[in-house]
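Below is one structure, written out as C-alpha cells; comments come after it.
Indexing begins at 1, ligand by ligand and atom by atom, following the structure's order. Starting from 1, each residue takes its place in the sequence as its number.
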Amino acid sequence: MDLKSQIDIDKLPNHIAVIMDGNGRWAKAHNKPRVFGHKNGVVAVREVTEGCAELGVKYLTLYAFSTENWNRPFLEVSALMKLLVETTRKELKTLTKNNIRLQAVGDLSKLPDSTHKALLEAIEATKNNTRMTLVLALNYSAKWEILEAARTLAAKAKRDLIEPSDINEEMFDNALSTRGIPHPELLIRTSGEQRISNFLLWQIAYAELYFTPIFWPEFNKDRLYEAIIDYQNRERRFGKTSEQLV
Ligand code: IPE
Ligand code: IPE
Ligand code: MG
C-alpha cells in the first residue's frame, strides 16, 4: 500500500508546523555553496504545500527565517531575502490557482523593503482563498512574540481597559502574532536536530514533535505522509490515562 493511502483522512492534523532545517549541510554534501541549498529548499516548500493542500490540512506554518538568523554572514542573509522576494512573486500564481491563502508571522517591519512589499502584496492578493492557509514565519522569534503580547496586555491594563485577572489563555492567544490560527498538532523538524530554536513556544505546548534526519531540500510528499502516519499512530492523552480515552 502506498504511503498516502495509509493516512486516515478523518484524523488529519488541522495545522502542521515545520522547522525547515538542513539546507546548508545538504549543499555542503553536494560540494555547493549554502545558497544552493536554500534554492533547493524552495522545491521542498512547494512539495509540502501541495501535499498538505491535497490531503485537506487547513494550516501549514513554515519557519523560514528566525531573528537569530540575522547573525549569519551578510551574503547569506541577503541571498535569503532575495530568494524570498523571488519565490513569493513566482509562487503567487500557484497559490491563487490552488486557492491557498498566504499569511506571515514575525516582525515583518524589520525585513528589507522589497521583501516586505512582495510579502504584503501576496498576502493581500490571496486573502480570500479558503482551501488552506500557508503561514510563513519570518524574522520570527517565539520569545519576541510572547514579550510583545505581554507588553500589549500590560498597556491595556494600565489604561484600565482590562483587569490583570481577566488575562486568560484566550486573551493571550489573541495578543500573539498567530492570532486566529489554531495551534499546531504536529511539529516537524528536518535535518536531525532535536530542538525548537525559538519557534512557536506557546502554540506547541501540546503538539506532537516529529524529527527526521532528512535535510530539508530532500523533504517531499512521501516524507510528509510518513510524518502524518507517525502522528496518527500516537496516543494523545492530554494528561489523561489511556483507559479514559476509549
Ligand atoms: C534552514 O537551513 C534554512 C534557514 C535557517 C533559513 P540551514 O541554513 O539552517 O541549514 P543548516 O542547518 O546550516 O544545514
Ligand atoms: C531554525 O533553524 C530557523 C529556521 C528554520 C528558519 P536554524 O538552523 O537557524 O536553527 P539552529 O541554529 O540550528 O538552532
Ligand atoms: Mg540550520
Inspect the contact between K156 and D160 and indicate whether a charged nitrogen and a carboxylate oxygen are less than 4.0 angstrom apart.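 The answer is no: the pair does not qualify as a salt bridge.
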Could you label the plane-to-plane angle of the F172 and W202 rings as parallel, tilted or perpendicular, counting under 30° as parallel and over 60° as perpendicular?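 Correct class here is tilted.
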Output the list of atoms in ligand 2 that are nearer than 4.0 Å to some heavy atom of R195, sorted by atom number.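 Atoms satisfying the 4.0 Å criterion: 11 (P), 13 (O), 14 (O).
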Do we see a donor-acceptor contact under 3.5 Å between the side chains of W216 and N40? no
Regarding E76 and H38, do their side chains bring together a donor and an acceptor under 3.5 Å, going by distance alone?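 On atom types as modelled, these side chains qualify, holding a pair under 3.5 Å.
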Ignoring angles and geometry beyond distance, decide whether [X] reaches within less than 3.5 Å of ligand 1 through its nitrogen or oxygen atoms.
X	result
R25	yes
R34	yes
A64	no

Would you say the Mg ion (ligand 3) has E193 as a near neighbour, meaning an N/O/S atom of that residue under 2.8 Å away? no
Region of F65 engaging ligand 2 - heavy atom pairs below 4.0 Å: backbone
Could you find the nearest protein heavy atom to [atom] and give me its residue, atom name and distance?
atom	answer
atom 2 (O) of ligand 1	N23 N, 3.2 Å
atom 9 (O) of ligand 2	N69 ND2, 2.9 Å
atom 10 (O) of ligand 1	G24 N, 2.9 Å
atom 5 (C) of ligand 2	M20 O, 3.3 Å

Could you check whether atom [atom1] of [X] has more than 12 heavy atoms from other residues, nucleotides or ligands sitting under 6.0 Å from it?
X	atom1	result
R159	CZ	no
E169	CD	no
D113	CG	no

Between E121 and K117, does a salt bridge (Lys or Arg N to Asp or Glu O under 4.0 Å) hold up when you go through it step by step? CA-CA 6 Å; E121 278 169 10; K117 191 163 165 268; 3.4 Å; yes
Has G22 got any heavy atom lying under 4.0 angstrom from an atom of ligand 1? yes
Would K28 count as a contact of ligand 1 if the rule is a heavy atom under 4.0 Å away? no
Under a 4.0 Å heavy-atom limit, does R72 contact ligand 1 with its side chain, its backbone, both, or neither? side chain
For the Mg ion (ligand 3), the nearest N/O/S atom on D21 is atom OD1
List ligand 1 atoms under 4.0 Å from H38, heavy atoms only on the residue side.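 Close to H38: 3 (C), 8 (O).
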Would a 4.0 Å cut-off, counted as strictly less than, catch a protein heavy atom around atom 13 (O) of ligand 2? yes
Between S141 and T67, what is the shortest heavy-atom contact and its length? CB-OG1, 3.2 Å
Begin with the C-alpha distance, continue with both residues' side-chain angles, and end with the deciding distance and a verdict on salt bridge (Lys or Arg N to Asp or Glu O under 4.0 Å) for E54 and K221. CA-CA 10 Å; E54 284 166 1; K221 286 187 192 173; 3.2 Å; yes
Are the aromatic rings of F65 and Y140 close, with centres under 6.0 Å apart?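 Distance test on ring centres: not under 6.0 Å, no.
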Backbone or side chain, does any N or O of S197 fall under 3.5 Å from an N or O of ligand 2? yes
